[in-house]
Amino acid sequence: RSRSRISALDHDGEKSSELEQLKTQNQELQVTIAKLEADIVTAKTPAKTKTQESIERSLRAQLDAGIKRRDINHIQTVFQRFCKAADGADASVMFLPKKALHEALKELDMPLSEVELKYVLDEIDSSHVDALSLQEFVGIARRPSTGTEWAKSLGLADIVADVIP
């Protein structure tokens with residue numbers, strides 16, 4: 001109704017102050033309508049429960065840990081934090097003592113049981129000394145988890161590739 005009245009006032013050449021008032025009222029109404037529409041959308045979006053937020057935080061943390069676990073720079077930083085120079089070697093030749101491996105892997109969010117740790121060490125440790133090289137540590141850190149192996153068996157990569165345009 002306001003618009004038809006505005007048009008009529010424009011064409012008839014009536015008072016410009018009344019025209020300006022109607023234009024202002026029209027703009028105010030449009031702003032109010034936009035706010036109400038936004039409130040309706042917000043009201044339709046249910047708030048997350050504490051459980052949902054907790055699950056979301058946990059999943060985000062797992063995703064971040066997985067990304068870091070695959071990042072060579074992060075792996076090297078963890079290795080350097082826990083390693084020592086070999087006896088008689090210069091500081092550039094660093095080894096991770098096996099006794100520090102458990103803590104280093106926990107920092108990479110890869111806590112292993114003693115049995116798992118022994119299995120991994122038997123498989124990876126080529127030098128059979130009490131310390132691991134960076135290359136051996138990277139091999140352990142990048143080793144696929146049970147969850148990764150399971151996900152690969154499902155063919156998820158093919159499914160994801162099918163939906164990418």
Side-chain angles (χ1 to χ4, degrees), residues 26-165:
N26 189 31
Q27 289 173 344
E28 289 171 354
L29 285 172
Q30 288 177 355
V31 168
T32 303
I33 290 170
K35 285 179 182 178
L36 288 171
E37 287 173 343
D39 289 346
I40 289 169
V41 169
T42 303
K44 287 183 181 178
T45 307
K48 292 181 183 177
T49 65
K50 289 188 184 274
T51 303
Q52 289 171 321
E53 289 174 356
S54 174
I55 290 170
E56 188 176 309
R57 275 192 308 274
S58 175
L59 290 174
R60 245 192 220 120
Q62 287 176 355
L63 180 61
D64 289 344
I67 290 168
K68 284 182 177 180
R69 211 176 17 253
R70 290 168 185 83
D71 178 12
I72 189 68
N73 293 326
H74 182 68
I75 295 169
Q76 287 174 334
T77 301
V78 171
F79 177 82
Q80 289 168 354
R81 191 171 310 128
F82 286 93
C83 69
K84 301 183 198 178
D87 290 337
D90 73 46
S92 65
V93 181
M94 304 295 273
F95 289 93
L96 178 71
K98 286 184 182 178
K99 61 185 175 192
L101 178 60
H102 196 264
E103 287 302 310
L105 290 176
K106 277 199 324 194
E107 188 161 322
L108 289 173
D109 203 27
M110 295 179 64
L112 297 179
S113 70
E114 290 299 320
V115 173
E116 293 169 318
L117 194 58
K118 183 181 178 346
Y119 175 78
V120 167
L121 282 172
D122 289 344
E123 189 176 306
I124 299 286
D125 185 15
S126 60
S127 60
H128 303 291
V129 294
D130 285 334
L132 297 171
S133 68
L134 174 61
Q135 183 179 359
E136 290 169 328
F137 183 67
V138 169
I140 292 171
R142 287 197 164 169
R143 189 169 204 275
S145 68
T146 306
T148 301
E149 292 294 333
W150 173 77
K152 284 181 181 178
S153 73
L154 296 175
L156 293 176
D158 294 333
I159 294 167
V160 170
D162 289 343
V163 297
I164 296 174

Would you mind writing out the side-chain donor-acceptor pairs for residues 54-64 within the sub-3.5 Å range, not counting sequence neighbours?
from: E56; atom 1: OE1; to: K48; atom 2: NZ; distance (Å): 2.5
from: E56; atom 1: OE2; to: K48; atom 2: NZ; distance (Å): 3.3
from: E56; atom 1: OE2; to: R60; atom 2: NH1; distance (Å): 3.2
from: E56; atom 1: OE2; to: R60; atom 2: NH2; distance (Å): 2.9

Looking at H74 and L108, what are the two nearest heavy atoms and their distance?
CD2-CD2, 3.4 Å
Do I72 and R142 have side chains that approach each other closer than 4.5 Å (heavy atoms only, starting at C-beta)?
yes
Only pairs at least two apart or in different chains count here, so list each side chain to side chain donor-acceptor pair (under 3.5 Å) that has a residue in residues 111-121.
S113-E116, K118-D122, Y119-E123
Going by the rule ring-ring contact (aromatic ring centres under 6.0 Å, His included), which residues pair with F79 if we only count those two or more places apart in sequence or in a different chain?
F137
For T32, side chain to side chain contact (heavy atoms under 4.5 Å, CB included) partners two or more places apart
L36
Shortest non-hydrogen contact from A141 toward M110
O-SD, 3.5 Å
List in chain and number order the residues that pass side chain to side chain contact (heavy atoms under 4.5 Å, CB included) with R70, two or more places apart in sequence or in another chain; answer none if no residue qualifies.
T148
Are E53 and K50 ion-paired here, with the side-chain N under 4.0 Å from a carboxylate O?
no
Here the pair of heavy atoms bringing P97 nearest to F82 is CD-O, 3.6 Å
Do you know which two heavy atoms are closest between H102 and L112, and how far apart they sit?
NE2-O, 2.9 Å
Least distance between heavy atoms, V78 atom then A104 atom:
CG1-O, 3.6 Å
So, do I140 and L101 sit near enough that their side-chain heavy atoms are less than 4.5 Å apart?
yes
